[in-house]
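Heads up: the structure comes next, in structure tokens.
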Amino acid sequence: MRFFLDEMPGETRGIVVWDDKIHSLYIERDSDRPEHRLGSRVVGRIARIEPGIRAAFVDLGCGEPFGFMPLPKNQHLTEGSRLLVEVTAEPRESKGPVLKALGDSDGDVGLVIAGPSVRQIIQHMAGKELPVTGHEAIEMSLQAEDDVLQTHVVNPEVGLDLSVQRTRALIAADIDYAPLPGKDSRKGREQVNRYGLNEVARQLRLRHWAGTVVIDLAGVGFSGDAVLGTAKSAFAGFDQVSFGPVSRFGLVQLSLPWRYRPLDERLAAGEAKPLSALRALRRALLADTATPFYDLVCGPADSDFLTPLVGQLGPRARLRPDGAPGQYIIREG
């Protein structure tokens, strides 16, 4: 494995590469609420109890959306009660974080211990190995972003044509086989299904996607036990995976618990574009150390957000807020 740490004002990215493929991408922004970070421990106040779904909405002291907590069995809670909770899943879409109750508390509502930062996650995984930083880390970060945004994967060497898409209800993956000249079609489908299942697992891990997953295999008439064994091997690195039987139509069904906020949501957030422009500015500064200045030209509306961040890149970085709204240009000063 190789580990990369792309740190800049406003955002930190951690990248894990395994067998020359992007294995994981973690993104953390200065605007993130630490109370919502996976693993954070917070004293919360029960704002509302919903008996019909045996759950409570918990005020974590940082505003809405409130945390969602399944009601512990054999524990009587009332609105206004305070308790220590842990974040087991970060917010996604319009939903707040998912919480687990750790016990009663009489402390003030708010953060007790923040969950691991991206830097801490990468350093823990890397052990004694130092993560790669600087220009090379930026390049790997951009490559990882491209991988996240791709929903179609093609590998001509094994005949794989894979599509992975997420809806509100589930994640659907379609493994298709493009027959290779001179290769037995049955063995080809077995190989492409094996490769495809591993690729689906990589895609879900990379994007931080979870929930109900339905995978449509290439072909029919194969051994369900053999396919299920391959699927379990592909998803062996995931926690708390539940598998259903392989259907006679060639569908593998499984369930994964949500943990991190999906990366497609992060990359579509309002601050994503100005931060991408800032990364491009930093990339230019690191790649060319001889040019006295580099300017980031943006629209006036982005000035308040970008001015302090550009200032942290050093005296060679300058902001020019006289560009067109929504457009970003990097140019030599």
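In the model, S40 has no side-chain atom that pairs as donor or acceptor with a side-chain atom of E86 under 3.5 Å. Side-chain contact, D161 with Y177: no donor N or O sits under 3.5 Å from an acceptor N or O. Of the N and O atoms on the side chains of S233 and T230, not one donor lies less than 3.5 Å from an acceptor on the other residue.
The shortest non-hydrogen separation linking G67 to L99 is CA-CD1, 3.7 Å. G196 and I175 make their closest contact through C-CD1, 3.7 Å (heavy atoms, listed as atom of the first residue, atom of the second, distance). For the pair T88 and K100, the tightest heavy-atom approach, listed with the atom from each and the gap, is CG2-CB, 3.7 Å.
Distance check: L25 CG to L206 CG gives 6.0 Å after rounding to the nearest 0.5 Å. Note that CD of E11 and CG of D6 are 7.5 Å apart. Values are rounded to the nearest 0.5 Å. How far CG of L162 is from CG of D176: 8.5 Å, rounded to the nearest 0.5 Å. In this structure, S105 OG and L83 CG are separated by 8.0 Å, a value rounded to the nearest 0.5 Å.
Follow the hydrophobic side-chain contacts under 4.5 Å out from V158 and you reach V200 in the same cluster.
Residues forming a side-chain contact (heavy atoms from CB on, under 4.5 Å) with T133 (at least two apart in sequence, or on another chain): L5. Every side-chain contact (heavy atoms from CB on, under 4.5 Å) that Q327 has, sequence neighbours left out, goes to A324. Partners of L130 under the side-chain contact (heavy atoms from CB on, under 4.5 Å) rule, at least two apart in sequence or in another chain, do not exist in this structure.
Within the structure, the salt bridge (charged side-chain N to carboxylate O under 4.0 Å, His left out) test picks out the following pairs touching residues 293-303 (sequence neighbours left out): D295-R318. Legend: salt bridge (charged side-chain N to carboxylate O under 4.0 Å, His left out) pairs involving residues 129-143, not counting sequence neighbours, sorted by first then second residue: R2-E136, E139-R283. Residue pairs meeting the ring-ring contact (aromatic ring centres under 6.0 Å, His included) criterion with at least one partner in residues 16-49, sequence neighbours excluded, are W18-H23, Y26-H208, Y26-Y260.
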Please output the side-chain donor-acceptor pairs of residues 56-64 that fall under 3.5 Å, not counting sequence neighbours, one pair per line with the distance.
residue: D59; atom: OD1; partner: G61; partner atom: N; Å: 2.8
residue: D59; atom: OD2; partner: R45; partner atom: NH2; Å: 3.3

In residues 262-270, what donor-acceptor pairs under 3.5 Å come from side-chain atoms, sequence neighbours left out?
residue: D264; atom: OD1; partner: W209; partner atom: NE1; Å: 3.0
residue: D264; atom: OD2; partner: R166; partner atom: NH2; Å: 3.3
residue: E265; atom: OE1; partner: E93; partner atom: N; Å: 2.8
residue: E265; atom: OE2; partner: E93; partner atom: N; Å: 3.2
residue: E265; atom: OE2; partner: R166; partner atom: NH2; Å: 3.2
residue: R266; atom: NE; partner: I27; partner atom: O; Å: 3.4
residue: R266; atom: NH1; partner: D32; partner atom: OD1; Å: 3.3
residue: R266; atom: NH1; partner: D32; partner atom: OD2; Å: 3.4
residue: R266; atom: NH2; partner: D32; partner atom: OD2; Å: 2.9

List, one per line, each side-chain donor-acceptor pair under 3.5 Å for residues 234-244, sequence neighbours excluded.
none

Going by atom type alone, with no hydrogens or angles, which donor-acceptor pairs under 3.5 Å involve a side-chain atom of residues 251-258 and a protein atom two or more places apart or on another chain?
none

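With salt bridges taken as basic N to acidic carboxylate O contacts below 4.0 Å, none links E35 and R37. Between R202 and E199 there is a salt bridge, since a side-chain N of the basic residue sits under 4.0 Å from a carboxylate O of the acidic one.
Connectivity analysis of hydrophobic side chains (ILVMFWY, heavy atoms under 4.5 Å, direct or indirect) links L286 to I138, L142. Through chains of ILVMFWY side-chain contacts below 4.5 Å, L306 is grouped with M8, L275, L278, L281, L285, Y294, L296, F305, L309, V310, L313, L319, Y328, I330.
Residues E28 and S117 are in side-chain contact: their nearest non-hydrogen atoms beyond the backbone lie under 4.5 Å apart.
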